[in-house]
There are 2 protein chains.
Amino acid sequence: MGATKHFMYTDSCNEIANIAKVFAHPARVAILKYISEQEGCICNDLVEDIGLSQATISQHLSVIGDAGLLQGRFVGKRKCYCLNSDRFKEFQILMNVFFIKTTSNCC
Amino acid sequence: MGATKHFMYTDSCNEIANIAKVFAHPARVAILKYISEQEGCICNDLVEDIGLSQATISQHLSVIGDAGLLQGRFVGKRKCYCLNSDRFKEFQILMNVFFIKTTSNCC
DNA sequence: TCGTAATATCGCAATATTACGATGATAAGT
DNA sequence: ACTTATCATCGTAATATTGCGATATTACGA
């Protein structure tokens, strides 16, 4: 009891839920915003900018990364993160398809 | 420890996270899909269609409702649910604004 | 080589979410 | 009045998420 029963849902529903989970924490939204606004790369500036511990930021980054939304590459001892914009667009399209399909109204 | 520190983030980040949370569970995505596909109203058909208990479905409905996404009205002993499409559009716009703003690429 | 900076990971505590049975409330039909 | 149907809520167990300190790991510069 207590665990989401993924097998009960269509792939489409599970996929949208997984995408949404990335955005479902304000720290991750803030990270994505920061990365995109800097245009260039970033590293541990996020720790200073956002104010969470380094361990926590790193954890959020890996959640975002697991969803395929980040590209990261080491430049010396620093790691440069940026958006995987192709994947980002896939996300956008999936969400929009869902939004467009849902337009009922009866009450 | 362990609780999301909402005060650390901008209103915008918190708002997007709150919206995303509605979609971050496949049952809620399935519910929204079902309601919109039926075009008309529904009630406890969701319990049969999705296969979760009535208590659980009701709980998910209230999460969706708290976000302002549902309109419900009792017709006798049955409750008719449908989408609040204005609010739904607001959601869509907020997500899209976020998506559009994030277009960096450096790696 | 040694110390330091940057990042990732482990382990744990605190909190949140998910799911369900039981119970309550309301309305319809008998 | 009694039963049944429909939905909400309460209480609770199971599980997941969040956050951080401590500890690796790797790369750089002195």
Side-chain angles (χ1 to χ4, degrees), chain A residues 1-9 13-14 17-31 34-35 38 40-67 70-82 107, chain B residues 1-9 13-14 17-31 34-35 41-67 70-82 107:
Chain A
M1 214 200 296
T4 298
K5 302 177 163 180
H6 295 282
F7 62 91
M8 302 180 70
Y9 312 102
C13 288
N14 280 315
N18 285 334
I19 292 171
K21 253 174 212 162
V22 174
F23 297 92
H25 193 290
R28 291 195 286 268
V29 176
I31 287 172
Y34 187 87
I35 291 182
Q38 293 312 100
C41 302
I42 57 110
C43 50
N44 215 3
D45 307 332
L46 286 165
V47 176
E48 278 194 22
D49 185 66
I50 296 184
L52 293 171
S53 77
Q54 184 267 324
T56 303
I57 294 285
S58 187
Q59 199 172 245
H60 281 304
L61 279 169
S62 89
V63 171
I64 302 173
D66 288 347
L70 287 182
Q71 285 181 317
R73 119 188 112 84
F74 273 99
V75 182
K77 60 189 169 188
R78 290 149 162 260
K79 187 156 184 188
C80 163
Y81 278 114
C82 65
C107 298
Chain B
M1 215 200 294
T4 299
K5 302 177 163 182
H6 295 284
F7 62 91
M8 301 181 71
Y9 312 102
C13 287
N14 280 316
N18 284 334
I19 291 172
K21 253 174 212 162
V22 174
F23 297 90
H25 194 290
R28 290 194 287 268
V29 177
I31 288 172
Y34 187 87
I35 291 182
C41 302
I42 57 109
C43 49
N44 215 2
D45 306 332
L46 287 165
V47 175
E48 278 194 23
D49 185 66
I50 296 184
L52 292 172
S53 76
Q54 184 267 321
T56 304
I57 294 287
S58 188
Q59 201 172 243
H60 281 304
L61 280 169
S62 88
V63 172
I64 303 173
D66 287 347
L70 288 181
Q71 286 181 315
R73 118 187 112 82
F74 273 101
V75 182
K77 60 190 168 186
R78 292 151 161 259
K79 187 158 185 185
C80 163
Y81 278 114
C82 64
C107 297

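Heavy-atom basis, side chains included; hydrogens, waters and symmetry copies ignored. Labels below follow one simple rule: chain letters A, B, ... track the order of the sequence lines, proteins then strands, and each chain is numbered from 1.
For A/Leu52, whose side chain is taken as the heavy atoms from C-beta onward, the closest listed nucleotide among C/dT17, D/dG19, D/dA8 is D/dG19. Set against D/dG11, D/dG19, C/dA6, the side chain of B/Gln59 has D/dG11 as its closest nucleotide. Here the nucleotide nearest the side chain of B/Phe74, chosen from D/dC7, D/dG19, D/dT15, is D/dC7.
The distance between atom CG of A/Asp45 and atom C1' of C/dA5, rounded to the nearest whole Å, is 13 Å. Put simply, CD1 on B/Ile42 is 12 Å from C1' on D/dT6, counting in whole angstrom units. Atom-to-atom, NZ of A/Lys77 to C1' of C/dG3 comes out at 10 Å; the value is rounded to the nearest Å. The distance between atom NZ of B/Lys5 and atom C1' of C/dA13, rounded to the nearest whole Å, is 13 Å. D/dT18 atom C1' lies 14 Å from atom CD1 of A/Ile50, rounded to whole Å. To the nearest angstrom, C1' of C/dA5 lies 13 Å from CD of A/Glu48. Computed from coordinates, the A/Ile31 CD1 to D/dT18 P distance equals 11 Å when rounded to whole Å. Per the geometry, NE2 belonging to A/His6 stands 13 Å off C1' belonging to C/dA19, to the nearest Å.
Within the 4.0 angstrom heavy-atom criterion, base atoms lie near A/Ala55. Residue contacts for A/Thr56: at a heavy-atom cut-off of 4.0 Å it reaches a base atom on one of the strands shown. Nucleic acid contact for B/Ile57: none, since no nucleic acid atom lies under 4.0 Å from a heavy atom of the residue.
Summary of the strand contacts: A/Thr4 and A/Gln54 both lie near DNA chain C, and taking for each the nucleotide with the nearest heavy atom, the more 5' one is attributed to A/Gln54. Both A/Val75 and A/Ser53 lie close to DNA chain D; mapped to their nearest nucleotides by heavy-atom distance, the more 5′-ward contact belongs to A/Ser53.
By the 30° and 60° cut-offs, the orientation of the rings of A/His25 relative to A/His60 is tilted.
Look at D/dA30: its Watson-Crick or wobble partner, with both distances under 3.5 angstrom, is C/dT1. D/dG19: Watson-Crick or G-U partner is C/dC12, with both key distances under 3.5 Å.
Atom CG of residue A/Leu52 and atom OG of residue A/Ser58 lie 12.0 Å apart, to the nearest 0.5 angstrom. Atom-to-atom distance recorded for B/Cys13:SG and A/Arg28:CZ is 12.5 Å, nearest 0.5 angstrom.
The two atoms that bring B/Ile35 and B/Cys82 nearest to each other are CG2-CA, 3.8 Å, heavy atoms only.
In this model, the phosphate group of D/dA16 is not approached by any side-chain N or O of B/His25 to a distance below 4.0 Å at OP1 or OP2. Here A/Asn44 reaches the OP1 or OP2 of C/dT7: one of its side-chain N or O atoms lies under 4.0 Å away. OP1 or OP2 of D/dA8 has at least one side-chain nitrogen or oxygen of B/Tyr81 nearer than 4.0 Å. Contact between the side-chain N/O atoms of B/His60 and the OP1/OP2 oxygens of C/dA19 is found at a separation under 4.0 Å. Between B/Arg78 and the phosphate of C/dT26, there is no side-chain N or O to OP1/OP2 separation shorter than 4.0 Å.
With a 4.5 Å cut-off on side-chain heavy atoms, B/Tyr9 and A/Val29 do not count as touching. Counting only heavy atoms from C-beta outward, the side chains of B/Asp45 and B/Tyr34 approach each other to under 4.5 Å.
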